[in-house]
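In the text below, chain A, chain B and the rest are named by the order of the sequence lines, each starting its count at 1.
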Amino acid sequence: MSQKTRMAPKPDPQSVSTAADASAQVSMDPFFHILKLVPYSFLRPPRLRLKLPSFSLPSAMTVFSLILLTYFMVVSGFIYDVIVEPPGIGSTQDPATGAVRPIVFLPGRVNGQYIIEGLSSGFMFVLGGIGIVLLDLGLDKNRARSIKVSYSIAGISSIVIAYVMTTLFIRIKIPGYLG
Amino acid sequence: MAAVATMPVSDLLKSFKLKTKQQELLIRVSILCLVYILAFITRLFSVLRYESMIHEFDPYFNYRTTLYLTQNGFYDFWNWFDYESWYPLGRIVGGTLYPGLMITAALIYRILHFLRFAVHIREVCVLTAPFFASNTTLVAYFFGKEIWDTGAGLVAAILISVCPGYISRSVAGSYDNEGVAIFALLFTFYLFVKAVNTGSLAWSLASAFGYFYMVSAWGGYVFIINLIPLYVLVLLITGRYSMRLYVAYNCMYVLGMLLAMQIRFVGFQHVQSGEHMAAMGVFFLMQVFYFLDWVKHMLSDTKLFQAFLRITVTCAVAVGTIALGLGMLSGYISPWTGRFYSLLDPTYAKDHIPIIASVSEHQPTAWSSFMFDFHILLFLFPAGLYFCFKRLSDATIFIVMYGLTSMYFAGVMVRLILVATPAVCLISSIAVSATVKNLTVLLRSKNKGVQTGSTKGSSSSKASSKALLDQSQPFQKNGAIALLFGAFYLLSKYATHCTWVTSEAYSSPSIVLAARGAHGNRVIFDDYREAYFWLRQNTPPDAKVMSWWDYGYQITAMGNRTVIVDNNTWNNTHIATVGRAMSSYEDEAIEIMRSLDVNYVLVVFGGVTGYSSDDINKFLWMVRIGGGVFPVIKEPDYLVNGEYRVDKGAAPKMLNCLMYKLCYYRFGEMLTEYGKPPGYDRARGVEIGNKDIKLEHLEEAFTTSNWIVRIYKVKPPNNRW
């Protein structure tokens with residue numbers, strides 16, 4: 001322990017330190033010594049120009065877009081679709097004409113869905129979220145005014161459409177909604 | 001000053017005028033008080049409509065144990081062996097429950113009695129959950145303050161006070177573990193984030209005790225002991241290792257683990273169960289990180305350090321993997337239990353564990369359940385995530401991870417929407433707070449711009465740009481006001497939705513059924529309690545009752561009789577035996593019932609009232625669970641072309657099994673609906689197939705006024721024949 005503390009703060013010039021570093025690197029690694037001996041004393045490795053792939057963390061916004069995708073899948077009931085395996089869209093027979101009519105929203109239960117209604121509702125939720133994000137981007141100071149205005153308008157219209165559609169969907173699904 | 005002296009009224013007003021900081025504090029405190037009261041009173045619908053009673057099934061067991069605790073003291077409660085359930089096995093209650101809820105309620109009861117308020121323990125039990133919901137709003141405020149700012153904290157408190165996802169399990173009367181556990185969960189998380197932010201040992205200690213309270217309250221503590229290590233791992237990967245994190249996690253893990261082992265039900269799981277191994281792995285990883293950091297600090301030589309780093313990391317990973325492998329192979333570390341494994345692999349329960357798959361709360365979640373429980377929070381959640389990613393810090397990384405993991409689990413199981421609710425409310429509050437802040441900054445900036453323009457003076461170019469700015473400013477100001485009104489509108493729609501959902505969907509006691517009569521008046525069916533009190537008053541005290549496991553807790557608590565199986569569902573074979581008895585012919589069933597010493601059989605039947613959660617609708621689960629243990633029961637025997645029917649076209653085994661006979665005995669003569677033949681089952685919507693039912697070994701003892709609960713007595717064997 002005391003040797004290490006004495007070794008560490010050596011005020012050597014660069015060349016001596018690099019030589020010392022090189023020698024330190026060569027002498028320290030036991031695996032290097034073993035490998036130098038066993039296959040590579042008689043095998044000659046070819047000269048390759050390979051680089052280890054450098055692992056850099058993705059940026060925050062990349063992660064955010066991936067998360068938005070998984071949020072869309074969870075909220076549209078993807079796991080429900082995988083386990084319960086409902087049909088993509090329901091159907092009923094019209095009693096008068098005998099024709100088969102599609103039913104988009106599974107009636108009768110709160111916790112049940114068809115695949116398409118789940119996906120469309122999930123899309124509306126994500127649209128609402130993106131609308132709020134666009135609104136924030138539109139209120140950001142460091143952009144040109146025309147971009148700010150278009151972001152704001154896109155954001156507000158997204159929020160309005162998403163809210164109206166979602167309320168419509170839930171009203172169709174649950175007949176007694178809100179009194 | 002002279003002018004002030006001449007007007008005493010305005011003098012008085014001016015002396016009351018508060019500085020801005022004090023005004024802000026007053027507003028904040030009054031908002032929190034109002035939110036506290038709101039969270040309490042919005043959960044009181046069922047108490048006002050019916051009466052102060054315990055709801056559902058599980059709370060009855062909790063109530064019974066709390067009663068036992070207050071009457072007999074802590075040591076008798078801790079060592080209680082209950083011989084009145086799971087006859088003839090009995091149940092070690094002290095070692096198989098989470099005592100936090102009972103001890104909390106008993107403590108509140110003792111405090112109230114000390115203050116000379118002579119309340120009954122039932123009132124305390126009924127109102128425990130709303131009380132803790134109010135406390136949760138306060139914790140949410142402090143948590144929001146920690147991760148963003150005070151505005152977000154206030155909005156978080158408001159959102160969580162009425163959110164239906166939380167209300168569903170914490171109404172007055174829902175005396176269940178989750179009512180207390182969500183408070184403990186959020187409190188532990190808040191204390192831990194505070195500890196990571198400050199690096200103080202005191203906060204880490206507090207978070208360990210918070211974790212202890214959570215472990216004592218609910219089995220969902222496994223979520224905490226896996227989320228926190230995952231969070232620490234993410235911080236290590238993103239390069240946010242610091243001394244604060246080291247102190248916080250070490251203290252919390254070691255102390256929390258030791259405290260958690262004090263609960264007998266948990267026991268040594270923290271070192272033996274696979275579900276807790278992540279925490280241990282991260283603990284050792286933290287030590288490796290600290291060691292490397294220390295070595296780096298000692299060495300000023302980077303190349304040497306790199307070599308050392310490579311060797312150490314390789315050795316640490318190798319040793320860890322070998323240790324884990326040895327532990328799992330030798331069986332010391334048990335694998336993930338079925339309940340938690342089915343969260344990672346949702347298809348597992350459907351194929352392997354029918355008891356877990358049969359509970360309706362364990363079904364995966366559809367979009368409408370999300371909408372029902374969250375409403376506009378579903379829009380605000382991704383926006384809040386965006387704001388968190390814009391301003392990443394240790395605290396926002398935590399709330400993002402909590403939100404994402406809990407939303408995934410909420411997607412797997414409807415019941416876990418409860419665990420996701422605090423995270424969704426907090427993240428949504430960040431979105432609301434940041435958006436409102438942006439808009440109000442826009443509103444205020446106009447005044448500042450005018451002032452600076454007037455004080456600085458301006459050249460012609462500045463004047464023209466200012467003129468342009470002045471032209472757009474009123475438009476922007478109006479736009480901001482309109483958007484603020486829009487936000488206010490959305491939030492008020494949220495409040496309306498939440499109150500409607502609470503009133504219509506989540507305030508039913510489940511033990512008392514309500515329906516709309518022919519003229520729109522409300523009709524109440526109190527059949528369950530009628531049947532249980534009949535049992536209590538008309539059967540011998542040592543009578544044993546066989547029923548499906550759903551009703552076990554209620555029969556023991558209200559009927560005060562011994563049951564064969566109850567909601568604890570700890571013994572699958574015993575439940576399968578009951579399931580086999582219910583689905584066999586009467587001659588085979590009587591053998592099983594005599595071997596279990598059964599005196600009475602209780603079934604729930606909804607054919608007269610149209611009640612759809614009765615035993616006939618649950619019957620296929622009895623077949624599946626019984627068939628899982630006794631292969632003599634085969635599900636296809638009871639189905640016709642894969643379809644489950646009770647009318648003339650039903651399978652012969654179905655028409656003659658015990659459950660069918662007990663439910664439809666004498667029903668063939670009953671007229672249930674105008675214009676339909678006698679024996680018309682209103683819940684299934686068909687006329688029953690077998691109307692002429694004769695019982696050989698059982699006789700009818702009691703049927704409630706609306707035929708919902710039917711009790712049969714097992715006849716003793718014939719004397720001579």
Side-chain angles (χ1 to χ4, degrees), chain A residues 4-5 7-9 17 21 24-25 28-30 57 60-61 63-64 67-68 70-71 73-80 82-84 106 109-113 117-118 121-122 125-126 128-133 135-136 139 145 152 156 159-160 162-163 166-167 169-170 173-174 176-179, chain B residues 237-239 298-304 306-308 310-311 346-347 350 360 363-372 375-376 378-387 389-390 392 400 404 407-408 410-412 414 431 434-435 438-439 441-442 472 479 483 486 490 493 496-497 500 504-505:
Chain A
K4 267 204 187 137
T5 51
M7 245 174 59
S17 66
D21 287 346
Q25 196 170 28
M28 252 201 81
D29 196 345
L57 292 172
M61 286 306 148
V63 178
F64 174 66
I67 286 176
L68 212 58
T70 41
Y71 175 72
M73 282 176 35
V74 166
V75 134
S76 45
F78 181 71
I79 302 173
Y80 180 92
V82 166
I83 294 185
V84 176
L106 180 71
R109 312 201 317 253
V110 174
N111 194 35
Q113 64 174 40
E117 71 170 284
S121 313
F125 297 141
V126 172
I130 291 181
I132 302 182
V133 170
L135 192 60
D136 173 68
L139 294 172
R145 199 171 156 271
S152 307
I156 296 171
I159 299 175
V160 167
Y163 178 70
T166 321
T167 319
F169 286 170
I170 198 84
K173 177 114 183 157
I174 302 175
Y177 184 64
L178 274 185
Chain B
I237 291 176
T238 52
M298 300 307 273
L299 291 178
S300 66
D301 193 352
T302 50
K303 285 270 195 284
L304 203 63
Q306 294 289 352
F308 180 71
R310 266 184 285 139
I311 295 175
T347 58
K350 192 166 77 150
S360 68
Q363 305 308 313
T365 322
W367 75 272
S368 41
S369 292
F370 277 123
M371 178 72 185
F372 214 57
H375 202 239
I376 59 167
L378 288 172
F379 300 146
L380 297 171
F381 182 73
L385 286 178
Y386 162 77
F387 284 111
F389 273 100
K390 246 174 71 164
L392 275 181
V400 164
L404 292 175
M407 274 304 267
Y408 166 69
V412 175
V414 180
T435 311
N438 281 345
L439 291 172
V441 158
L442 207 62
S472 64
L483 285 178
L490 279 182
K493 288 307 256 188
T496 316
H497 167 93
W500 180 82
E504 290 300 309

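We find the CG-CG distance between A:Leu68 and B:Leu385 to be 8.0 Å, quoted to the nearest 0.5 Å. For the atom pair CG (A:Leu135) and OG1 (B:Thr435), the distance works out to 6.5 Å, reported to the nearest 0.5 Å. In this structure, CD1 on A:Ile79 lies 5.0 Å from OH on B:Tyr408, to the nearest 0.5 angstrom. From B:Ile376, atom CD1 reaches atom CD1 of A:Ile132 across 8.0 Å, with rounding to the nearest 0.5 Å. Interatomic distance, A:Ile170 CD1 to B:His497 NE2, rounded to the nearest 0.5 Å: 7.0 Å. The line from CG of B:Leu378 to OG1 of A:Thr166 is 8.5 Å long, rounded to the nearest 0.5 Å.
Residues B:Gly411 and A:Val74 come closest through the heavy atom pair CA-CG1, 4.2 Å. Among all heavy-atom pairs drawn from A:Gly129 and B:Pro382, the shortest one is CA-CG, 3.8 Å.
Chain B forms more heavy-atom pairs under 4.5 Å with one residue of A:Gly128, A:Gly131, A:Gly77, A:Ser76 than with any other, namely A:Gly128. Comparing B:Leu392, B:Thr238, B:Thr365, B:Val400 by heavy-atom pairs within less than 4.5 Å of chain A, the highest count is held by B:Thr365. Chain B forms more heavy-atom pairs under 4.5 Å with one residue of A:Gly112, A:Gly122, A:Ser152 than with any other, namely A:Gly112.
Separation of the A:Tyr80 and B:Trp367 ring centroids does not fall under the 6.0 Å cut-off.
Contact of A:Leu106 with chain B is not made at all, since no heavy-atom distance falls under 4.5 Å. Interface remark: A:Ile130 contributes no atoms to any contact with chain B (heavy atom separation under 4.5 Å). Only the side chain of B:Leu490 comes within less than 4.5 Å of a heavy atom in chain A; its backbone stays farther off. Residue contact with chain A, scored on non-hydrogen atoms closer than 4.5 Å, involves the backbone and the side chain of B:Val412 alike. With a 4.5 angstrom heavy-atom cutoff, A:Phe169 touches chain B via backbone and side-chain atoms both.
With contacts defined as side-chain heavy-atom distances shorter than 4.5 Å, the pair B:Leu439/A:Leu139 qualifies. The closest side-chain heavy-atom distance from A:Val75 to B:Met407 is below 4.5 Å. The side-chain heavy atoms of B:Pro364 and A:Val84, taken from C-beta on, include a pair separated by under 4.5 Å.
In this structure a side-chain-to-backbone donor-acceptor pair under 3.5 Å is missing from B:Ser368 to A:Asn111.
For A:Met61, the side chain to side chain contact (heavy atoms under 4.5 Å, CB included) partners two or more places apart in sequence, or in a different chain, are A:Ser59, A:Phe64, B:Tyr386, B:Phe389, B:Lys390.
For CZ of B:Phe387, the number of neighbouring non-hydrogen atoms (other residues, nucleotides, ligands) closer than 6.0 Å is greater than 12.
The aromatic rings of B:Phe379 and A:Tyr163 sit perpendicular, their planes meeting at an angle over 60°, well past the 30° parallel limit.
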